[in-house]
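Remarks on the structure that follows.
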Protein chains: 2
Amino acid sequence: MSAELIRDVALVHFADKGYEGASLQDIATDVGIKKPSIYAHFKGKDDLFLHVANYVFQQEKRKMITLFASRKNYSLEENLVYFFDWIVEENKHNEHAKFLLRVSYFPPAKLYNEVMRIVNPFFADMERLLAKYMRKHSSVENDEKKYLDEALAYITIVDGAVIDLIFSGEDSYYRRVRAIWPIYFKGVQTINN
Amino acid sequence: MSAELIRDVALVHFADKGYEGASLQDIATDVGIKKPSIYAHFKGKDDLFLHVANYVFQQEKRKMITLFASRKNYSLEENLVYFFDWIVEENKHNEHAKFLLRVSYFPPAKLYNEVMRIVNPFFADMERLLAKYMRKHSSVENDEKKYLDEALAYITIVDGAVIDLIFSGEDSYYRRVRAIWPIYFKGVQTINN
DNA sequence: AATAATCTACCTAACGGTCGTTAGTTAAGG
DNA sequence: CCTTAACTAACGACCGTTAGGTAGATTATT
């Protein structure tokens, strides 16, 4: 399908240059068609962008759910450590991640509301997913607050490291992960006992 | 001076809409002059943008150096905690931070090299500054690697929290700080003893 | 001190180029 | 026969930029 090809090419352009920086002319050229032909598949630039956004966020959510489902039988520690590697794999071809990050933090001004209707539920889902998982695997007794803090703390660490992954690359990312993980893990253990 | 006014207005526009999204027309209107008058003070859009970038990064660095100098006589723990509050104060009107973040992570494609000549030294300086401070105030004996890891871990946490501060606000930021700080502090203590 | 020359900061008008978009057409496939 | 997906041509809007001019302040010269 040509529509999907246009979407995939547009994804790269939007990820690299942002909404305003990307041009339909360049996208069409990369696809191998003329600019007005895009209008046979999408209503316009906005429509194309929102299609890409919906596609990326939905796909990313599906990946995450699959990951959590596939690793039910590992310990919490194993999974939290594994997750750092998984992120790197997912970002090897990192146009999806780049698009996701850019759209989340710097959405096109004119599409702010529409974009946030996609972004906000996504992050809420992610946080809920992780919190649910942590509650299930928590070693401490049902202290509601404690594992929510653990989840939020973990997310903070991941954010801080991922920023570096996308910006400075894998080596810099792992330097951060190796620095923070032992401290986080020891800290959680010590507090829980 | 009119040049400084143009710079300050442009800073806001670039922070909110990015390089490609901001227009000289809108900037001029906000300043209260006509578009071509900008050319009396700057060579063009690129020149204006790079002036803003140099200004923001230099100012941010100066602020940071001043902070470190002013709190020489406090303990490491006190300062690391204080820093979280300091960041919030600095970001009350957060256009500087927003610009800094946007330019660092999503620099305009056509100015990539010029921008990186500003961005890279800045972050190198920041890391060096913190590491130097931590070595001086470290409670553990001169274990080179350990306080470097502590500094990097701390930076990771700050990054993860600041991301949230800028895009979700103060409340969300402090939720993260309160979640991660006790874990970090306990972790560092436990490892060092 | 008066006048002439220069500089500063803005202006209007307009340029070429690119943008997203629309209209109308054509060729191929079910 | 009609739908689909492509095309060409062209639209108006806006983009960054340049040319050229003007009023007012500053500086230099007589």
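Sequence lines set the chain letters: A, B, ... in the order given, protein chains first and strands last, and positions in each chain run from 1. Since the structure is predicted, the reported quantities are computational estimates derived from the model, not experimental observations.
- Listed pair A:S37 / D:dC7 meets the phosphate criterion, a side-chain N or O lying under 4.0 Å from OP1 or OP2.
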Extract all donor-acceptor atom pairs below 3.5 Å that involve side chains of residues 107-118 of chain A and protein atoms in other chains or at least two apart in sequence.
| from | atom 1 | to | atom 2 | distance (Å) |
| --- | --- | --- | --- | --- |
| A:K110 | NZ | A:D46 | OD1 | 3.4 |
| A:K110 | NZ | A:D46 | OD2 | 3.2 |

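- Atom C1' of nucleotide C:dC19 and atom CD1 of A:I27 are separated by 12 Å, given to the nearest angstrom.
- For the pair A:I33 CD1 and D:dT8 C1', the computed distance is 14 Å after rounding to whole Å.
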Could you list the protein-to-nucleotides 9-16 of chain D atom pairs, N/O on both sides, closer than 3.5 Å?
| from | atom 1 | to | atom 2 | distance (Å) |
| --- | --- | --- | --- | --- |
| D:dC15 | OP1 | B:S23 | OG | 3.4 |
| D:dG16 | OP1 | B:A22 | O | 3.4 |
| D:dG16 | OP1 | B:K45 | NZ | 2.9 |
| D:dG16 | OP2 | B:L24 | N | 3.1 |
| D:dG16 | N7 | B:K35 | NZ | 2.8 |

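- Regarding contacts with the backbone of C:dT8, every side-chain N or O of B:H41 stays at 4.0 angstrom or more from both OP1 and OP2.
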Legend entry - Stepwise salt bridge (Lys or Arg N to Asp or Glu O under 4.0 Å) test for A:R102 and A:D16: CA-CA 9 Å; A:R102 184 160 211 157; A:D16 285 345; over 6 Å; no
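- Residues B:Y154 and B:F84 bring their aromatic ring centres within 6.0 Å.
- With rounding to whole Å, B:K34 atom NZ is found 5 Å from C:dT12 atom P.
- A:I6 and A:H41 get closest at one heavy-atom pair: CD1-CD2, 3.7 Å.
- For B:F49 and B:F14, the distance between ring centers is under 6.0 angstrom.
- Linking Ile, Leu, Val, Met, Phe, Trp and Tyr whenever their side-chain heavy atoms come within less than 4.5 Å leaves B:V12 and B:L50 in two separate clusters.
- Taking atom CD1 of B:I38 as the reference point, atom C1' of D:dA19 lies 17 Å away to the nearest angstrom.
- Distances shorter than 4.0 Å separate none of the side-chain N or O atoms of A:S2 from OP1 or OP2 on D:dA5.
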